[in-house]
Amino acid sequence: MKRALLVLLLTLPLLVSCDEPTGRGREIWRFAIEETSGSVQDAYAQRFAELVEERTGGEVDVIVYPIGSLGTSDHITEQLHNGTLEFATASPGHLGKLIPEVQAFLLHFVLSEDSRVTAEALRDPELREFLDDLYAEKGLSYLTAFGEGWMVWTTQDEIRHPDDFDGQRFRVMTSPLLLASYEAYGASPTPLPYTEVYSGLQLHMIDGQVNPVFAIEEMSFYEVTEYMIFPQHAEFITTVASNPRFLAELSPERRRMVEEIVDQLQTEIYEIQDRYNQERLETIREARPEMHIVHLTEEQRDAFRERSMSVRGLYVEMAGPRGRALLEILDRAVARAEARVGEADDEAAPASP
Ligand code: 6CS
């Protein structure tokens, strides 16, 4: 029954589009996201749709499916692999079950503390080439990765030291490395799909969760927790993927168009996520002035950093030699990005008298 509904849902736009007054059915590309309408991923997919429609003169319509309409993140990845979807976001927090190496993006205190550097590093050609191969092996085409903001803990109790995690049932995404990461802090991590987190918190099945500010606002997690804790330990990173057979059948012009749009959106999405995260923190402050907002000190962060070190070894055990190689590639990508961001800052700085 569920499958029949899904097929109907996916084919409906095709049927509708065949009814164009010209009689010439428009082409439909389906883009599923792991977030709701109004999210960072939605902004990405909507801009992608707008640019595709503009550049194909309306020949291609991109339909965006928010989370829930086609199932969980795992279901979306499966549909992308099967070719029922042409594009989808695939966050390492869930995709790590299929591609263990991508869990490098989930490690704490590994990437830069400057989100501009991380955004720049995610464009690195060496990194792209490596991820291209990993995704291809699993029947997916890697298009890009981008950050969606710093991860923030929302909890019932104040957490300033790993010992405060003791006994906390803490919701994480479903990749095994995340369980290991919060076990290292002493928590009892609980993997759950995104759409079940609010009720989990409300019914006290879990005591806390972690996500960027924009998500905490749009999913209303702030309504059912007391503290927002900013540890600045990791950014939420997602990836965008396509179906390899679909891409292979595109004309060279269309293929180039997709690459150019993805490239253009890389800068735009950085600005959008930055704005969403700032604006929505204000929304939360206004909606719930009693919410405790805690920024960990350097000393407090150090205690978490120290505990997180053992998880790097676990990552290499899970992801093998290619996981180790990816960590090295990330190090090089960050170093190159730091140099580029530094140069841009120097150019922007007013010349000394
Ligand atoms: O926590 C999650 O599961 C989700 N969080 C975000 C911000 N995006 C997608 C992901 O599935």
Side-chain angles (χ1 to χ4, degrees), residues 31-46 64-80 85 87-99 102-103 105-106 108 115 118 122 144-155 169-179 181-182 187 189-201 205-222 224-225 228-230 233-241 269-270 272-281 283-284:
F31 194 147
I33 54 170
E34 302 171 294
E35 295 169 3
T36 54
S37 302
S39 63
V40 171
Q41 290 185 8
D42 185 47
Y44 185 95
Q46 298 294 351
V64 179
Y65 294 91
I67 189 71
S69 52
L70 301 179
T72 63
S73 294
D74 293 349
H75 295 136
I76 293 173
T77 305
E78 206 178 299
Q79 288 158 41
L80 184 68
L85 289 169
F87 298 94
T89 46
S91 299
H94 298 288
L95 189 67
K97 297 194 293 300
L98 182 67
I99 311 181
V102 296
Q103 296 180 109
F105 292 116
L106 306 174
H108 297 178
S115 55
T118 303
L122 293 175
T144 193
F146 59 86
E148 298 189 38
W150 287 101
M151 293 293 255
V152 176
W153 300 328
T154 62
T155 54
R169 290 159 305 171
F170 197 73
R171 183 270 173 175
V172 291
M173 290 177 278
T174 53
S175 288
L177 191 88
L178 289 171
L179 272 82
S181 304
Y182 284 90
T190 311
L192 272 183
Y194 196 35
T195 47
E196 292 173 28
V197 180
Y198 182 89
S199 58
L201 289 167
M205 286 160 59
I206 46 172
D207 305 307
Q209 67 84 42
V210 52
N211 256 305
V213 172
F214 84 85
I216 292 168
E217 193 275 328
E218 93 190 357
M219 300 297 283
S220 304
F221 300 151
Y222 69 93
V224 281
T225 41
M228 277 180 84
I229 299 166
F230 290 68
H233 61 305
E235 283 185 62
F236 184 95
I237 290 169
T238 197
T239 73
V240 183
I269 200 64
Y270 177 79
I272 291 172
Q273 65 76 29
D274 194 36
R275 179 160 56 79
Y276 279 17
N277 282 307
Q278 288 185 40
E279 285 173 0
R280 295 188 193 186
L281 184 57
T283 311
I284 295 174

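Whatever order the structure lists ligands and atoms in, that order sets their numbers, starting from 1. Not measured: the values here are computed from a predicted model. Both backbone and side-chain heavy atoms feed into the values below; hydrogens, waters and symmetry mates do not.
- Within the 4.0 Å heavy-atom criterion, neither part of Gln209 lies near ligand 1.
- A 4.5 Å side-chain heavy-atom check between Pro212 and Met151 finds at least one atom pair inside the cut-off.
- Residue Ser73 has at least one heavy-atom neighbour below 4.0 Å for each of these atoms of ligand 1: 11 (O).
- At a 4.0 Å cut-off, at least one heavy atom of Arg171 sits close enough to ligand 1 to count as contact.
- Listed by number with element, the atoms of ligand 1 under 4.0 Å from a non-hydrogen atom of Pro212 are 7 (C).
- For atom 2 (C) of ligand 1, the closest non-hydrogen atom of the protein is Tyr194 CD1, 3.2 Å.
- Between the side chains of Ser91 and His94, no donor N or O sits under 3.5 Å from an acceptor N or O.
- Checking only distances, Glu35 does come within under 3.5 Å of ligand 1, N or O to N or O.
- Within the 4.5 Å cutoff, the side chain of Ile33 has heavy atoms near those of the Val64 side chain.
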Verdict with supporting geometry, Phe105 and Glu235, side chain to side chain contact (heavy atoms under 4.5 Å, CB included): CA-CA 8 Å; Phe105 292 116; Glu235 283 185 62; over 6 Å; no
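- Defined by atom type and a distance below 3.5 Å, a donor-acceptor pair is present between the side-chain atoms of Thr36 and Glu218.
- For Gly93, the heavy-atom gap to ligand 1 stays at 4.0 angstrom or more.
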ring-ring contact (aromatic ring centres under 6.0 Å, His included) assessment of Phe146 paired with Tyr44: CA-CA 10 Å; Phe146 59 86; Tyr44 185 95; 4.9 Å; yes
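- Neither the backbone nor the side chain of Pro193 comes within 4.0 Å of ligand 1, counting heavy atoms alone.
- Regarding atom 11 (O) of ligand 1, its nearest protein heavy-atom neighbour is His94 NE2, 3.1 Å.
- Annotation for ligand 1: atoms under 4.0 Å from non-hydrogen atoms of Phe236 are 5 (N), 6 (C), 7 (C), 8 (N), 9 (C), 10 (C).
- Residues Ser39 and Tyr276 have side chains that never bring a donor and an acceptor to within less than 3.5 angstrom of each other.
- When only interatomic distances are considered, the shortest N/O to N/O separation between Asn211 and ligand 1 falls below 3.5 Å.
- Nearest approach of Arg280 to Val213, heavy atoms of both residues: C-CG1, 4.0 Å.
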